[in-house]
Amino acid sequence: IFIRRESFRRLIWERTEEWRWNKPENAMARAMHCYHFDEHPEDSLNRMTDNELESTVLHEIGEIKASELLPGWSDLMHDVAVTQAEIIGRAVRDHLADSLSTLPKLLADNNEASIHFYFSNLTAMRKLIYPTLVSAYDTWINNHDITALQVAVDNSAQHWEKVARELLSLHEQHKKACSTYIIDYIESQYL
């Protein structure tokens, strides 16, 4: 796994600067607060980059594990390219990767800054299909007890692997016409 630190640092800088335009009270605000951006922006950016590099590596490890579990995934993604089914498939696979590697480690370490940053990067589709994770994050924010997040993540790898395998099965059955079936299927599989 190779991650170019300077490119990643630039990405984080862009995300933090984008947040500063409106300063919404959200996961990014909480992540930036953990790094004390207001007092020492340059040092904070460097510390955030170093800490979040580890999370990114954890996600990539999860992606490798997911690849081993899901032969034929790239064919599915090719056949549903530029459809809503592609966005769904990517969200499912990202949830699987993160439940195999990223989230268990962040929660075990109780890495508050990285947990906030993780949630600041969830796409709309990922939030839609995994509402219990978003709800658990909100519970953690309100009561500072990580248990709700741990419960939401426990056994989630099994769920997302099952969903991903069903997407592969739908692809096998319907090939390039599987997009509609994937969209219909995912609505019953929110976690």
Start with the C-alpha distance between D43 and R47, add both sets of side-chain angles, then the distance that settles salt bridge (charged side-chain N to carboxylate O under 4.0 Å, His left out), and finish with yes or no.
CA-CA 6 Å; D43 292 339; R47 283 186 294 110; over 6 Å; no

Are any of the side-chain heavy atoms of F119 and N26 separated by less than 4.5 Å?
no

Locate the shortest heavy-atom distance separating F8 from T49; write the atom from each residue and the value.
CE2-O, 3.7 Å

With side chain to side chain donor-acceptor pair (under 3.5 Å) as the test, would you mind laying out the steps for D98 and Y118 before giving the verdict?
CA-CA 10 Å; D98 287 340; Y118 174 86; 3.0 Å; yes

Hydrophobic cluster membership, with links at side-chain heavy-atom distances under 4.5 Å among I/L/V/M/F/W/Y: are M125 and L122 in one?
yes

Side chain to side chain donor-acceptor pair (under 3.5 Å) between S114 and E52: does it pass, once the steps are laid out?
CA-CA 6 Å; S114 288; E52 301 314 328; 3.0 Å; yes

Kindly determine whether L168 and L70 satisfy side-chain contact (heavy atoms from CB on, under 4.5 Å), including the steps that lead there.
CA-CA 8 Å; L168 287 169; L70 304 171; 3.9 Å; yes

Quick one: are V92 and L96 in side-chain contact, heavy atoms under 4.5 Å?
no

Identify the two heavy atoms, one from S156 and one from S99, that lie closest to each other, and give their separation to 0.1 Å.
OG-CB, 3.1 Å

Determine, using ring centers only, whether Y137 and H116 are less than 6.0 Å apart.
yes

Test item: E86 side-chain N/O and V82 main-chain N/O as donor-acceptor pair under 3.5 Å
yes

Heavy-atom check, side chain of T123 versus side chain of D94, under 4.5 Å:
no

ILVMFWY network linking L133 to I141, side-chain heavy atoms under 4.5 angstrom
yes

Does E17 pair with K23 as a salt bridge, N-O distance under 4.0 Å?
no

Is there a donor-acceptor pair under 3.5 Å between the side chain of R165 and the backbone N or O of L69?
yes

Test side-chain contact (heavy atoms from CB on, under 4.5 Å) on H95 and V163; report intermediate values, then the result.
CA-CA 10 Å; H95 280 314; V163 170; over 6 Å; no

Are M77 and I186 grouped together when hydrophobic residues (ILVMFWY) are joined by side-chain heavy atoms under 4.5 angstrom apart?
yes

Run the salt bridge (charged side-chain N to carboxylate O under 4.0 Å, His left out) test on E42 and R9 for me, step by step, so that the C-alpha distance in whole Å, both residues' side-chain angles and the decisive distance to 0.1 Å come before the verdict.
CA-CA 11 Å; E42 188 69 24; R9 183 179 186 277; 2.3 Å; yes

Are T132 and Y190 close enough that some pair of their side-chain heavy atoms sits under 4.5 Å apart?
no

Please check this pair: side chain of S135 against backbone of P131, looking for a donor-acceptor N/O pair closer than 3.5 Å.
no

Would you say R30 and C34 make side-chain contact, with heavy atoms under 4.5 Å?
no

Kindly say whether A152 contributes a backbone atom to a donor-acceptor pair with the side chain of Y130 at under 3.5 angstrom?
yes

The reported gap from CG in L128 to CD1 in I88 (rounded to nearest 0.5 angstrom) is 8.5 Å

Evaluate salt bridge (charged side-chain N to carboxylate O under 4.0 Å, His left out) for E6 paired with R10, printing each intermediate quantity in order.
CA-CA 6 Å; E6 284 308 308; R10 175 81 178 183; over 6 Å; no

Going by heavy atoms in the side chains, are I12 and F117 under 4.5 Å from each other?
yes

Minimum heavy-atom distance L167-G89, with the two atoms named:
CD1-CA, 4.1 Å

Return yes when atom NZ of K176 has more than 12 non-hydrogen atoms of other residues, nucleotides or ligands closer than 6.0 Å, and no otherwise.
no

For residues L103 and V57: do they belong to one hydrophobic cluster (side chain heavy atoms under 4.5 Å, members Ile, Leu, Val, Met, Phe, Trp, Tyr)?
no

Locate the shortest heavy-atom distance separating L100 from G62; write the atom from each residue and the value.
CD1-O, 4.1 Å

Are Q189 and K162 side-chain neighbours, meaning at least one heavy-atom pair lies under 4.5 Å?
yes

Is there a path of hydrophobic side-chain contacts, each under 4.5 Å between heavy atoms of I, L, V, M, F, W or Y residues, that connects I64 with L58?
no

d(E54 CD, H59 NE2) to nearest 0.5 Å is 15.0 Å

Verify side chain to side chain donor-acceptor pair (under 3.5 Å) between D79 and H171, making sure each step is shown before the conclusion.
CA-CA 8 Å; D79 286 348; H171 178 246; 2.7 Å; yes

Does a sphere of radius 6.0 Å around OH in Y185 hold more than 12 heavy atoms from other residues, nucleotides or ligands, not counting ones at 6.0 Å or beyond?
yes

Test item: L191 and W160 side chains (from C-beta on) under 4.5 Å apart, heavy atoms:
yes

Between S44 (side chain) and Y35 (backbone), is there a donor-acceptor pair under 3.5 Å?
yes

Please report the shortest heavy-atom distance between A31 and A113, naming the atom on each side.
CB-O, 4.0 Å

Assess whether side chain to side chain donor-acceptor pair (under 3.5 Å) is satisfied between Q173 and S169, documenting all intermediate values.
CA-CA 6 Å; Q173 294 169 42; S169 176; 3.0 Å; yes

Distance (rounded to the nearest 0.5 Å) between E63 CD and E60 CD
6.0 Å

Taken to the nearest 0.5 Å, the spacing of L170 CG from T180 OG1 works out to 11.0 Å

Step through the shown structure and confirm whether more than 12 heavy atoms of other residues, nucleotides or ligands are within 6.0 Å of NE2 on H33.
no

Assess whether side-chain contact (heavy atoms from CB on, under 4.5 Å) is satisfied between K105 and N111, documenting all intermediate values.
CA-CA 9 Å; K105 178 69 171 150; N111 187 336; over 6 Å; no

